[in-house]
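Computed from a prediction, not measured in an experiment: that's the story for all the values here. These values consider heavy atoms only, across backbone and side chains, with no hydrogens, waters or symmetry-generated copies. Order of appearance sets the numbers: ligands from 1, and atoms from 1 within every ligand.
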Amino acid sequence: MTNYDTPDTKIRWICFVAVCFTHTLMAQDTSDHQYTSEAIAAGGRVYVQQCALCHGPQGDTVDGINLRRGVFRTATSDDDLRQIISSGAAGGRMPAFDLREEELNGVIAYIRAGFDPSGVAVKIGDPARGKALFEGKGECANCHRVNGIGPRTAPDLSEIGLLRTPASLQMNLLDPASALLPINRPVRIVTRNEETIVGRRLNEDTYTVQVIDSRERLRSLLKTDIVTYEISESPSKQPTTLNSDEVADVIGYLLTLRGLQ
Ligand code: HEC
Ligand code: HEC
């Protein structure tokens with residue numbers, strides 16, 4: 001039998017409860033950053049009645065458009081979608097729809113959830129406002145590099161719109177700890193010459209590790225020269241303090257980052 005009453009276990013138990021508690025708060029936090037599952041389900045019904053006739057059950061029957069996968073012609077943000085659905089498109093080949101606010105929100109939610117009633121539909125805001133927040137108030141550009149501009153201490157985001165889903169981008173902003181990828185874990189290395197290097201791994205194989213140090217220098221180290229090598233489980237950044245509309249705008253901007261074309 002294990003003795004659960006040792007002081008040591010008690011302390012660990014208290015820590016565990018504290019972690020759970022913060023995580024519940026975080027989970028609640030995401031709620032106004034995305035559409036509810038009721039909205040998605042209601043939107044599915046609107047879609048079948050009003051849109052499927054032309055766009056098809058999978059959203060891919062109009063040339064060059066795939067609503068389920070989020071491929072549009074001109075639209076980027078949720079407001080763009082709102083505008084197109086309410087005003088029509090292509091000189092009337094898509095008619096204007098006079099939907100109630102909940103129906104309009106619902107059909108956008110359904111599109112953003114990838115037509116999956118149990119999916120996650122993250123709100124997508126305006127990329128231009130998002131870019132301004134990225135470079136200004138959001139302080140993202142203090143750490144991240146985009147298209148050759150900015151520091152190298154954090155991952156380069158020039159192609160992040162091709163690599164990540166809206167849901168994973170949102171997770172990184174609201175709860176960096178649970179979004180931390182293994183390769184992005186901060187490292188602290190002490191070498192044989194007693195140098196301490198704190199930074200971010202770019203690459204690692206059996207014999208070497210490449211690190212960007214805190215002064216943005218690329219360091220390639222032989223593992224035989226390393227005395228201690230610690231990989232942190234916690235991210236080197238805090239959850240963003242931007243509000244839900246601002247987060248939606250920043251996600252809108254990140255989705256447009258698809259490398260230099
Ligand atoms: C009568 C046929 C028709 C119906 C019904 C219809 N659409 Fe369309 N839709 C089109 C056509 C055609 C286009 C392509 C416009 C173009 O070529 O620019 C389009 C384009 C779009 C686009 C992309 C616009 C852009 O510029 O990025 C979206 C989003 C869209 N439709 C959503 C919807 C939704 C949501 C509904 C239901 C509320 C709907 N459509 C109903 C025919 C239709
Ligand atoms: C203090 C520096 C810092 C700031 C400020 C910062 N980040 Fe990060 N970000 C990082 C680091 C470091 C990582 C790598 C993972 C980690 O350590 O959390 C990261 C990871 C990311 C990722 C995930 C990259 C991937 O490969 O999936 C995205 C997306 C991102 N940040 C976007 C942003 C945005 C948008 C902002 C502004 C709202 C921001 N970051 C602000 C340091 C920062």
Distance from [atom] to nearest protein heavy atom, with residue and atom:
| atom | value |
| --- | --- |
| atom 37 (C) of ligand 1 | C51 SG, 1.9 Å |
| atom 18 (O) of ligand 2 | P235 CB, 3.1 Å |
| atom 29 (C) of ligand 2 | L169 CD2, 3.6 Å |
| atom 17 (O) of ligand 2 | S236 OG, 3.1 Å |
| atom 25 (C) of ligand 2 | R164 NE, 3.5 Å |
| atom 16 (C) of ligand 2 | L180 CD1, 3.3 Å |

Pick one of side chain, backbone, both or neither for how [X] approaches ligand 2, counting any non-hydrogen atom pair under 4.0 Å.
| X | answer |
| --- | --- |
| I160 | side chain |
| V250 | side chain |
| R185 | neither |
| L163 | neither |

Report yes or no: does a heavy atom of L53 sit under 4.0 Å from some atom of ligand 1?
-> no

Given that the side chain starts at C-beta and the backbone is N, CA, C, O, which of these parts of [X] lies under 4.0 Å from ligand 1, counting heavy atoms, or is it both or neither?
| X | value |
| --- | --- |
| D80 | neither |
| L81 | side chain |
| L67 | side chain |
| I84 | side chain |

First locate atom [atom1] of [X], then atom [atom2] of [Y], and finally report the distance between them rounded to the nearest 0.5 Å.
| X | Y | atom1 | atom2 | result |
| --- | --- | --- | --- | --- |
| E230 | R188 | CD | CZ | 5.0 Å |
| L157 | N172 | CG | CG | 8.5 Å |
| L169 | L163 | CG | CG | 9.5 Å |

Over 12 foreign heavy atoms within 6.0 Å of CZ, R217 = yes

A75 N/O to ligand 1 N/O under 3.5 Å =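 It does: an N or O of A75 is found under 3.5 Å from an N or O of ligand 1.
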
Look only at interatomic distance and state if Q50 has a nitrogen or oxygen under 3.5 Å from any nitrogen or oxygen of ligand 1.
->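 Looking only at distances, the answer is no, because the N/O contact criterion of under 3.5 Å is not met.
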
Between H144 and F134, what is the ring plane arrangement, given parallel below 30°, perpendicular above 60°, and tilted in between?
-> tilted

T153 side chain to E216 side chain, donor-acceptor N/O pair below 3.5 angstrom | no

Identify the two heavy atoms, one from G148 and one from S158, that lie closest to each other, and give their separation to 0.1 Å.
-> N-OG, 4.5 Å

Nearest non-hydrogen partners of I226 and V209, listed with the distance |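 Shortest heavy-atom contact: CD1-CG1, 3.8 Å.
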
How about atom 8 (Fe) of ligand 2, which protein N, O or S atoms come within less than 2.8 Å?
->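 You should have found H144 NE2, K237 NZ.
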
Distance filter under 4.0 Å to [X] heavy atoms, resulting ligand 1 atoms:
| X | result |
| --- | --- |
| T74 | 25 (C), 26 (O), 27 (O) |
| F72 | 27 (O), 29 (C) |
| C54 | 1 (C), 2 (C), 3 (C), 4 (C), 5 (C), 42 (C), 43 (C) |

Presence of N, O or S from H55 under 2.8 Å of atom 8 (Fe) of ligand 1 |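 Short answer: yes, at least one N, O or S atom is under the cut-off.
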
Give the atoms of ligand 2, by number and element, whose distance to some non-hydrogen atom of G138 is under 4.0 Å.
->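 Close to G138: 37 (C), 38 (C).
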
